[in-house]
Enquirer: 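To start, I am sharing the structure in question, which I have written as structure tokens.
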Amino acid sequence: MTKIAIITGSTRPGRVNHQVANWVLAQSAARTDAEFEIVDIADFQLPVLDEPYPAGYQNYQNSHTKAFSEKINEFDGYVFVVAEYNHSITGALKNALDYLSVEFNNKAAGFVSYGSMGGARAVEHLRGIASELQLAHVRNQVMFSIFTDFENFSTFTPSETAASGLNPMLDQLVLWTRAMEFARNEALVAAN
């Protein structure tokens with residue numbers, strides 16, 4: 001079964017990010033084409049990048065990096081729940097992504113974002129990072145406004161219009177995830 005991680009994009013105390021991730025998980029529960037699981041980057045307590053070797057070498061020295069690598073490597077695709085801070089992704093998400101490389105190669109990603117402009121600017125930055133990680137990112141994305149999809153800026157209450165974008169994004173993501181599984185298998189055959 002295709003496995004897709006729903007990766008949180010914030011570690012901030014009182015964050016709404018986890019509410020959005022839980023909503024994505026609940027909405028995806030009825031799907032039979034993939035298994036979904038939340039991966040909360042806060043659980044790994046990653047300090048500012050402290051590995052002495054570039055991530056591409058996978059020569060990890062720290063237990064937190066090894067645990068994060070092992071978890072991320074379990075999945076075939078990813079949904080990033082992206083909060084927009086200062087017109088970009090959070091420092092916590094960027095830091096987490098900087099820890100790894102190969103674990104993301106030739107896999108697929110989709111985006112659920114939120115912010116004053118629906119998180120669009122953050123996703124545009126994340127698309128460049130995803131490309132460098134060799135993540136095939138789908139076109140469709142889900143965007144929530146911090147003004148209209150959150151009550152008092154703190155309780156996630158998605159509008160029907162914004163929420164309606166989730167299934168088309170997941171449809172595209174599952175398709176691309178399966179295509180990338182084929183690509184990874186072909187690359188393994190070619191390497192041997």
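Quick note: residue numbers are just sequence positions, from 1.
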Enquirer: Indicate the atoms forming the closest heavy-atom contact of Ala5 with Val39, along with that distance.
Expert: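 For Ala5 and Val39, the tightest heavy-atom pair comes out as CB-CG2, 3.8 Å.
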Enquirer: Okay, side chain of Asn106, backbone of Met180: is any donor-acceptor separation there less than 3.5 Å?
Expert: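 No, because the side chain of Asn106 does not come within donor-acceptor range (under 3.5 Å) of the backbone of Met180.
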Enquirer: Which atom names give the shortest non-hydrogen contact between His64 and Phe44, and what distance separates them?
Expert: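 Heavy-atom minimum between the residues: CB-O, 3.7 Å.
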Enquirer: Which heavy-atom pair separates Ser88 from Ala122 by the least distance, and what is that distance?
Expert: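 Of all heavy-atom pairs spanning Ser88 and Ala122, the closest is O-CB, 3.4 Å.
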Enquirer: Minimum heavy-atom separation for Thr65 to Glu51, with atom names?
Expert: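 For Thr65 and Glu51, the tightest heavy-atom pair comes out as OG1-OE2, 2.6 Å.
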Enquirer: Tell me every residue that passes ring pair (Phe, Tyr, Trp, His ring centres under 6.0 Å) with Phe104, counting only those two or more places apart in sequence or in another chain.
Expert: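 With sequence neighbours excluded, Phe104 shows a ring pair (Phe, Tyr, Trp, His ring centres under 6.0 Å) to Tyr78, given in chain and number order.
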Enquirer: Closer than 3.5 angstrom, by distance alone: can the side chain of Thr8 be matched with the main-chain N or O of His18 as a donor-acceptor pair?
Expert: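 No; zero donor-acceptor contacts below 3.5 Å.
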Enquirer: Looking only at heavy atoms, which two atoms of Phe68 and Ala96 are closest? And how far apart?
Expert: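 The answer is CE2-O, 3.3 Å.
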Enquirer: Can you list every pair that meets salt bridge (charged side-chain N to carboxylate O under 4.0 Å, His left out) and has a residue in residues 12-23, with sequence neighbours left out?
Expert: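 Output for this query lists Arg15-Asp40.
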Enquirer: Check whether Asn140 reaches the backbone of Gln172 with its side chain - one donor and one acceptor, N or O, closer than 3.5 Å.
Expert: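 Not confirmed, Asn140 side chain does not pair with Gln172 backbone.
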Enquirer: Let me know which of Val24, Leu25, Val79 forms a side chain to side chain contact (heavy atoms under 4.5 Å, CB included) with Ile38.
Expert: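 With Ile38 as partner, Val24, Leu25, Val79 yield a single side chain to side chain contact (heavy atoms under 4.5 Å, CB included), made by Leu25.
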Enquirer: If you look at every heavy atom in Ser101 and Tyr60, which pair is closest and at what distance?
Expert: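 Minimum heavy-atom contact is N-OH, 4.3 Å.
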Enquirer: Who passes ring pair (Phe, Tyr, Trp, His ring centres under 6.0 Å) against Trp23, sequence neighbours left out?
Expert: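 If we apply the ring pair (Phe, Tyr, Trp, His ring centres under 6.0 Å) test to Trp23, skipping adjacent residues, the hits are Phe144, Phe156.
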Enquirer: Could you tell me which residues satisfy side-chain hydrogen bond (donor to acceptor under 3.5 Å, both in side chains) with Ser28, sequence neighbours excluded, listed by chain and number?
Expert: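 Once residues adjacent in sequence are excluded, Ser28 has no partner under the side-chain hydrogen bond (donor to acceptor under 3.5 Å, both in side chains) criterion.
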Enquirer: Should the pair Arg178-Asp33 be classified as a salt bridge under the 4.0 Å nitrogen-to-oxygen rule?
Expert: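 Salt bridge absent between Arg178 and Asp33.
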Enquirer: Would you say the side-chain atoms of Ser113 pair up with the backbone N or O of Met143, donor to acceptor, closer than 3.5 Å?
Expert: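 Side chain of Ser113 to backbone of Met143, a donor-acceptor pair under 3.5 Å: no, none is there.
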Enquirer: I'd like to check the side-chain hydrogen bond (donor to acceptor under 3.5 Å, both in side chains) partners of Ser154; sequence neighbours left out, ordered by chain and number.
Expert: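 Once residues adjacent in sequence are excluded, Ser154 has no partner under the side-chain hydrogen bond (donor to acceptor under 3.5 Å, both in side chains) criterion.
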Enquirer: With the side chain counted from C-beta on, respond yes when Lys3 and Glu74 share a heavy-atom pair under 4.5 Å apart, and no when they do not.
Expert: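 Yes, their side chains come closer than 4.5 Å.
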Enquirer: Tell me every residue that passes ring pair (Phe, Tyr, Trp, His ring centres under 6.0 Å) with Tyr114, counting only those two or more places apart in sequence or in another chain.
Expert: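 With neighbours one apart ignored, the set is Phe150.
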Enquirer: Test: salt bridge (charged side-chain N to carboxylate O under 4.0 Å, His left out). Region: residues 137-158. Which pairs qualify, not counting sequence neighbours?
Expert: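 For residues 137-158: none.
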Enquirer: Using a 4.5 Å cut-off on heavy atoms from C-beta on, say whether the side chain of Glu37 contacts that of Lys71.
Expert: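 A side-chain contact under 4.5 Å exists here.
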Enquirer: According to salt bridge (charged side-chain N to carboxylate O under 4.0 Å, His left out), does anything in residues 159-177 pair up with another residue at least two apart or in another chain? List the pairs.
Expert: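 As it turns out, the salt bridge (charged side-chain N to carboxylate O under 4.0 Å, His left out) pairs with a partner in residues 159-177, which skip direct neighbours, are Arg31-Asp171.
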Enquirer: Begin with the C-alpha distance, continue with both residues' side-chain angles, and end with the deciding distance and a verdict on side chain to side chain contact (heavy atoms under 4.5 Å, CB included) for Ile129 and Ile89.
Expert: CA-CA 10 Å; Ile129 296 164; Ile89 64 173; 3.6 Å; yes
Enquirer: Sorted by first residue and then second, give each salt bridge (charged side-chain N to carboxylate O under 4.0 Å, His left out) pair with at least one member in residues 115-138; sequence neighbours left out.
Expert: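 Salt bridge (charged side-chain N to carboxylate O under 4.0 Å, His left out) check on residues 115-138 returns Glu84-Arg121, Glu124-Arg127.
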Enquirer: Name the atoms and distances for all side-chain donor-acceptor pairs under 3.5 Å in residues 52-59, with sequence neighbours left out.
Expert:
| from | atom 1 | to | atom 2 | distance (Å) |
| --- | --- | --- | --- | --- |
| Gln58 | NE2 | Glu103 | OE2 | 3.2 |
| Asn59 | OD1 | Gln61 | NE2 | 3.0 |

Enquirer: Going by the rule side chain to side chain contact (heavy atoms under 4.5 Å, CB included), which residues pair with Ala34 if we only count those two or more places apart in sequence or in a different chain?
Expert: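 Result, side chain to side chain contact (heavy atoms under 4.5 Å, CB included) vs Ala34: Thr2, Ile4, Phe36, Val174.
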Enquirer: Below 4.5 Å, heavy atoms only, C-beta onward: do Ile72 and Tyr99 meet side chain to side chain?
Expert: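 Contact flag for Ile72/Tyr99 side chains = no.
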Enquirer: Considering only heavy atoms from C-beta outward, does the side chain of Leu133 approach that of Leu100 to under 4.5 Å?
Expert: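 Result no, sub-4.5 Å side-chain heavy-atom pair not found.
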Enquirer: If only atom types and distance count, is the side chain of Thr177 paired as donor or acceptor with the main-chain N or O of Ala108 below 3.5 Å?
Expert: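 It does not hold such a pair.
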Enquirer: Which other residues end up in the same hydrophobic cluster as Val48, if Ile, Leu, Val, Met, Phe, Trp and Tyr are linked when side-chain heavy atoms come under 4.5 Å apart?
Expert: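 Same cluster as Val48: nobody, lone residue.
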Enquirer: Answer whether the closest heavy-atom distance between the side chains of Lys107 and Arg184 falls below 4.5 Å.
Expert: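 Side-chain contact under 4.5 Å: yes.
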